[in-house]
*Asks:* 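Sharing a structure with you now.
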Amino acid sequence: MSTEQDWARQRREAAAEHERRLANRKASESSRAQRLLEEFADAAGRAGLAPQALEVKGYGGRGKARTPLRGWYLRNDGTAAVGTDGAFYVLTAPLSPWERLRGVTPTPKDPPLVLGAGGKDGESIDLPVALERLLPGWRDE
């Protein structure tokens, strides 16, 4: 095997290892975030924090659509929420006119520990901070 082929093989192996570690870290963070959301939903229910009817916003501000979901918005812009069941929802989608009229049913997503990570400055918020903003002292129970 030539030095060039050996170098290429080593780079592929290193990239695969990096990808594996990144996936493991993301799964671990998502698992921790999911536990936080489930604990919050339980605490919010016990505290009597009224859930809201959740809506999906169209990309680019192109309308809204009803959902059958109830829960609490995690971001001020209403683009992420936790359902009463502790599931995490991203509430933006490309909405057709029919969906805006009829409504949509979002599917739960793997939750992040930082909402809006990688976005513009000031647009990200740590999940625990977002939850604390909704129900101050909820983890003290």
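Computed from a prediction, not measured in an experiment: that's the story for all the values here. Numbers for residues simply follow the sequence, beginning at 1. Worth knowing before you read on, the calculation uses all heavy atoms, side chains too, and leaves out hydrogens, waters and symmetry mates.
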*Asks:* To check you understand the geometry: which heavy-atom pair defines the closest contact between Ala43 and Trp138, and what is its length?
*Replies:* CB-CE3, 4.0 Å
*Asks:* Might you work through the side-chain contact (heavy atoms from CB on, under 4.5 Å) test for Thr79 and Leu115, ending with a clear yes or no?
*Replies:* CA-CA 10 Å; Thr79 58; Leu115 302 167; over 6 Å; no
*Asks:* Can you list everything that forms a ring-ring contact (aromatic ring centres under 6.0 Å, His included) with Phe88? Sequence neighbours excluded, please.
*Replies:* none
*Asks:* Residues in salt bridge (charged side-chain N to carboxylate O under 4.0 Å, His left out) with Glu99, at least two apart?
*Replies:* none
*Asks:* Look up atom CG in Leu37 and atom CG in Asp85, then write down how far apart they are to the nearest 0.5 Å.
*Replies:* 10.0 Å
*Asks:* Roughly how far apart are Gln10 CD and Gln5 CD, rounded to 0.5 Å?
*Replies:* 12.5 Å
*Asks:* If hydrophobic clusters are built from ILVMFWY residues whose side chains come within less than 4.5 Å, do Val114 and Leu74 share one?
*Replies:* no
*Asks:* Does Arg75 have any salt bridge (charged side-chain N to carboxylate O under 4.0 Å, His left out) partners at least two apart in sequence or in another chain, and if so, which?
*Replies:* Asp77
*Asks:* If the condition is side chain to side chain contact (heavy atoms under 4.5 Å, CB included), which residues does Arg21 pass it with, not counting sequence neighbours?
*Replies:* Glu17
*Asks:* Tell me every residue that passes side chain to side chain contact (heavy atoms under 4.5 Å, CB included) with Ser28, counting only those two or more places apart in sequence or in another chain.
*Replies:* none
*Asks:* Check Gly116 against Ser124 and note the closest heavy-atom contact, atom names and distance.
*Replies:* O-CB, 3.5 Å
*Asks:* Work out which heavy atom in Ala53 is nearest to a heavy atom in Arg70; give both atom names and the distance.
*Replies:* N-NH1, 3.4 Å
*Asks:* Ser31: what forms a side chain to side chain donor-acceptor pair (under 3.5 Å) with it, not counting sequence neighbours?
*Replies:* Arg35
*Asks:* Under the salt bridge (charged side-chain N to carboxylate O under 4.0 Å, His left out) test, which residues partner Lys57, sequence neighbours left out?
*Replies:* none
*Asks:* Which residues end up grouped with Trp98 if you chain together Ile, Leu, Val, Met, Phe, Trp and Tyr wherever their side-chain heavy atoms are less than 4.5 Å apart?
*Replies:* Leu101
*Asks:* Residues two or more places apart in sequence or in another chain: which of them pass side chain to side chain contact (heavy atoms under 4.5 Å, CB included) with Arg11?
*Replies:* Trp7, Ala14
*Asks:* Around atom CZ of Arg20, are there more than 12 heavy atoms of other residues, nucleotides or ligands at under 6.0 Å?
*Replies:* yes
*Asks:* When rounded to the nearest 0.5 angstrom, what distance separates CZ in Arg66 from CZ in Arg100?
*Replies:* 13.0 Å
*Asks:* Determine whether Ile125 and Val90 fall in the same hydrophobic cluster, where Ile, Leu, Val, Met, Phe, Trp and Tyr are linked whenever their side-chain heavy atoms lie under 4.5 Å apart.
*Replies:* yes
*Asks:* If you take all heavy atoms of Gly83 and Ala41, which pair is closest and at what distance?
*Replies:* O-CB, 4.0 Å
*Asks:* Quick one: salt bridge (charged side-chain N to carboxylate O under 4.0 Å, His left out) partners of Glu38, sequence neighbours excluded?
*Replies:* none
*Asks:* Among all residues two or more places apart in sequence or in another chain, which pass the side chain to side chain contact (heavy atoms under 4.5 Å, CB included) test with Leu113?
*Replies:* Glu29, Arg32, Ala33, Leu36
*Asks:* Is it true that atom CZ of Arg62 has more than 12 heavy atoms of other residues, nucleotides or ligands lying nearer than 6.0 Å?
*Replies:* no
*Asks:* Output the rest of the hydrophobic cluster of Leu54: all Ile, Leu, Val, Met, Phe, Trp and Tyr residues reachable through side-chain heavy-atom contacts under 4.5 Å, sorted by chain and number.
*Replies:* Val56, Leu69, Tyr73, Tyr89, Leu91, Leu95, Val104
*Asks:* Starting at CZ of Phe40, measure out to CG of Leu134 and round the result to the nearest 0.5 Å.
*Replies:* 4.5 Å
*Asks:* Just by distance, do the side chain of Asp126 and the backbone of Pro128 share a donor-acceptor pair under 3.5 Å?
*Replies:* no
